[in-house]
Amino acid sequence: MDRTHYCGELSEKAVDSDVVLYGWVKNTRNLGGCIFLDLRDREGIVQVVFDPADDRSVFEKASGLGREFVIRVTGKVRRRPNPNSKIPTGMVEVVATGVEVISRSEVPPIEVEDIITANEETRFRNRVLDLRRRPVQRIFKIRHKAVQSVRRYLDEQGYMELETPFLARSTPEGARDFLVPSRKQRGSFYALPQSPQLFKQLFMAAGFDRYFQVVKCFRDEDLRGERQPEFTQIDIEASFVEPEDIYELVDGLISRTWRDAIDAEVDLPLPRMTWQEAMDRFGSDKPDLRLNGMEIQDLSDVFKGSGFKVFESVIEDGGVVRGLAAPLAYGWSRKQVQDLEAVVKEHGAAGMAWVKLGDDNVTSGPLARFLNRERAEHIRRLAGIGEKPALVCVCAGKNTVTVPALGALRLELGKRLGLIERDTYRFAWITDFPLFEWSEEEHDWTPSHHPFTRPRIEDLALLDENPGGVRSLAYDIVCNGSEIGGGSIRIHEEDLQRRIFERLGISSREAEEKFGFFLRNLKFGTPPHGGVALGMDRITMILTGADSIREVIPFPKTTTGQCLLTNAPSRVDERQFRELGLELLR
RNA sequence: GGGGUUGUAGUUAAGCUGGUUAUAACGCCGGCCUGUCACGCCGGAGGCCGCGGGUUCGAGUCCCGUCAACCCCGCCA
């Protein structure tokens, strides 16, 4: 390769030197008498000048160049008579002495510019052209720096990068598996791993002590703006650790990564709060701490004996009445307030009642007639809003529905009021997750993390009479209201693991069949261990400010799991089916 | 599985209560232009109005269905 410079690295230092550049034609400005051409490569753009006074034949070749042609340019760097301060190389230009078309291009369907009009669908259909754009390349440079930073850090901390199979076995529970049919064993299937969970635990049993892996995981569930069917985790596991050790390790990793990738400082230690506190105050297990105030209050006492039958009967049935006060929404119109009801309804709440607390506790709104001054004062005290007038929104019903609905409402209010702090990173560890959660669908307790999570030993007594009350050694790490990782200390004793399976309704026969290989390996001296998995894609979203996970994945899938570039998934030959012993149902 | 938004030149959009030949900008093609850098000026080409059906004298516009992209709920150990 005879390239002497990247386009983007030319500066006044290179003046008078002869250069050979390779790059893509960004655009040309043909003034008739001379041609200016912006040449682009990964590092930036530089202006190339073609002047017929210098060389007629080179000038003529240049007039045939189109956008996105790949060309080789030879020339001399010179200081520009009229510099362009908008580009980093704007002090210089290259006077072409030769040009050669390496590769032609059709007229590109999308522009390769920083700011373009094309929508997301068009961009991903033409992702290769899209990937040439500077803002897109910036994302993947940051992603690269972040991954390298993680690898260096974990290596320094004594962690070994080990690989685990993609062709793994299907295990019950959790997300739906992607299945891969076996040709040699007809009727049997591999499953792509939802995570390397069991393998990393086996690494601990094997004595590797500290493991990590930057690894793809696969889950066949419906997609969202921050969910893809295949995604990348930084998977970590260590032996003889407590939650504290994991928090410290990950705190260090976050701080280092943020510094290396985007030169941002993160204050350590990252704040922590229990799951119970997060739910009570923010109505979410991933609270967005960029939003201050408007915390959720228990208003049951306020409405006791108020005469509002709806709330009173909810309380009698064991439900809750909770609400939040928004001083800045006091001036909102009836319609603006009413619109908020849609938010809580989307999250399953039956409805939303509201009242405005004005000066001197004069109230207005649907709840006003149930609130005397004393009750209004009570709300003020709970919400800690002093004398400020405020809009108070109230929901009532089952705790498990009402609290998250209010959490969603709080976030929406924060957005509409512009209260979400910008350009900041608010982290939190959410600790002490419940071990189980009730599944309405299965009418049984299901693991809230996964079935290998270690319960708090002091809560084990509750296992039978009150499974919902058993806390676990599970934790999530949250940033700006997004779950970027989670993990737990695991069960390392075979008998406890069997007990948990039993509680989860997994029979010992089933446990043996599905997890036999795992249980067997708990028999031969497994150290206590635990770990965490961090979502590399979501971390990259936050580092780059991307508003969709698709932006941080070079070749992502749409919400129906299609790749707009390759049109995967696709039909396959009948022959392939036959080889696999499969038949398509009609 | 449920709810919502959007589909009109290569791209992004406009197109009203249904009515002649479906507009514009950018891009593209041709011409002119030696200091542009979103170059400028003049001219031109370019359309299964997502797809299928229906209502109507007449549908880009109204109705039904369907497909796709996106957002939300469910789901995501």
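Bear in mind the structure is a predicted one, so any value in this text is a computation, not a measurement.
- Of the two residues contacting RNA chain B, namely A/Val107 and A/Lys557, the nearest-nucleotide position lying further toward the 5' end is that of A/Val107.
- Residue contacts for A/Pro451: at a heavy-atom cut-off of 4.0 Å it reaches a base atom on one of the strands shown.
- Taking only side-chain nitrogens and oxygens, A/Thr558 comes nearer than 4.0 Å to OP1 or OP2 of B/rA69.
- Checking the phosphate oxygens (OP1, OP2) of B/rC70, no side-chain nitrogen or oxygen of A/Arg224 falls inside 4.0 Å.
- Not one side-chain nitrogen or oxygen of A/Lys26 sits closer than 4.0 Å to the OP1 or OP2 atom of B/rC37.
- For the pair A/Thr559 and B/rC70, the criterion of a side-chain N or O lying under 4.0 Å from OP1 or OP2 is met.
- As judged by a 4.0 angstrom heavy-atom cut-off over every strand, A/Thr453 is placed among residues making no nucleic acid contact.
- Here B/rU11 presents its P atom at 15 Å from CZ of A/Arg133, a figure rounded to the nearest Å.
- Pairing of B/rU56, defined by two Watson-Crick or G-U wobble distances under 3.5 Å, is not identified with any nucleotide.
- The side chain of A/Arg550 places an N or O atom within less than 4.0 Å of a non-bridging phosphate oxygen (OP1 or OP2) of B/rC70.
- For A/Arg67 and B/rC28, the shortest distance from a side-chain N or O to OP1 or OP2 is below 4.0 Å.
- Ring planes of A/Phe203 and A/Tyr211: tilted class, angle from 30 to 60°.
- The distance from atom CG of A/Leu223 to atom C1' of B/rA68 is 15 Å, rounded to the nearest whole Å.
- Separation of the C1' atoms belonging to B/rG47 and B/rG31 is 27 Å when rounded to the nearest angstrom.
- The base-pairing partner of B/rG65, taking Watson-Crick or G-U wobble contacts with both distances under 3.5 Å, is B/rC51.
- Relative ring orientation between A/Tyr475 and A/Tyr247 is described as perpendicular, the plane-to-plane angle rising above 60° on a 0-90° scale split at 30° and 60°.
- Here A/Ile484 contributes atom CD1 and A/Cys479 contributes atom SG; the two are 5.0 Å apart, rounded to the nearest 0.5 Å.
- Counting only heavy atoms from C-beta outward, the side chains of A/Ile500 and A/Pro455 approach each other to under 4.5 Å.
- To the nearest whole angstrom, the two C1' atoms, one in B/rU21 and one in B/rU17, are 23 Å apart.
- At a threshold of 4.0 angstrom between heavy atoms, the contacts of A/Thr560 are confined to the sugar-phosphate backbone, with no base atom among them.
- With hydrogens and angles ignored, a donor-acceptor pair closer than 3.5 Å exists between the side chain of A/Arg227 and the base of B/rC76.
- Atom P of B/rG7 sits at a distance of 8 Å from the matching atom of B/rA13, rounded to the whole Å.
- Atom CZ in A/Arg127 sits about 15 Å away from atom C1' in B/rA69, given to the nearest Å.
- Put simply, the side chain of A/Gln228 gets close to the backbone of A/Lys557: a donor and an acceptor are under 3.5 Å apart.
- If you check B/rC41 for Watson-Crick or wobble pairing at under 3.5 angstrom, you find it paired to B/rG31.
- Rounded to a whole angstrom, the distance from the P atom of B/rU5 to that of B/rC41 is 41 Å.
- Panel note: side chain A/Glu341, backbone A/Met352; a donor-acceptor pair is recorded below 3.5 Å.
- Looking at heavy-atom distances under 4.0 Å, A/Gln194 makes no contact with the nucleic acid at all.
- No side-chain heavy atom of A/Glu437 sits less than 4.5 Å from a side-chain heavy atom of A/Thr400.
- Regarding contacts with the backbone of B/rU11, every side-chain N or O of A/Asn119 stays at 4.0 angstrom or more from both OP1 and OP2.
- A/Asp222 places its CG atom 13 Å from the P atom of B/rA69, with the value rounded to the nearest Å.
- Nucleotides B/rG60 and B/rG54, compared at atom P, are 15 Å apart to the nearest Å.
- If you take atom C1' in B/rG46 and the same atom in B/rG10, they sit 9 Å apart, rounded to whole Å.
- For B/rG27, neither phosphate oxygen OP1 nor OP2 lies less than 4.0 angstrom from any side-chain nitrogen or oxygen of A/Asn27.
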Where along nucleotides 31-36 of chain B does protein come under 4.0 Å, by heavy atom, of base (B) or sugar-phosphate alone (S), with - for untouched nucleotides? --BBBB

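- Using a 4.0 Å heavy-atom criterion, one finds that A/Arg176 contacts no nucleic acid atom at all.
- Panel note: side chain A/Thr28, backbone A/Asn30; no donor-acceptor pair is recorded below 3.5 Å.
- Rounded to whole Å, atom P of B/rC67 lies 16 Å from atom CZ of A/Arg125.
- A/Val58 places a side-chain heavy atom less than 4.5 Å from the side chain of A/Phe50.
- Taking the P atom of each, B/rG50 and B/rA59 are spaced 15 Å apart, rounded to whole Å.
- Between B/rC33 and B/rC49, the distance separating the two C1' atoms is 39 Å to the nearest Å.
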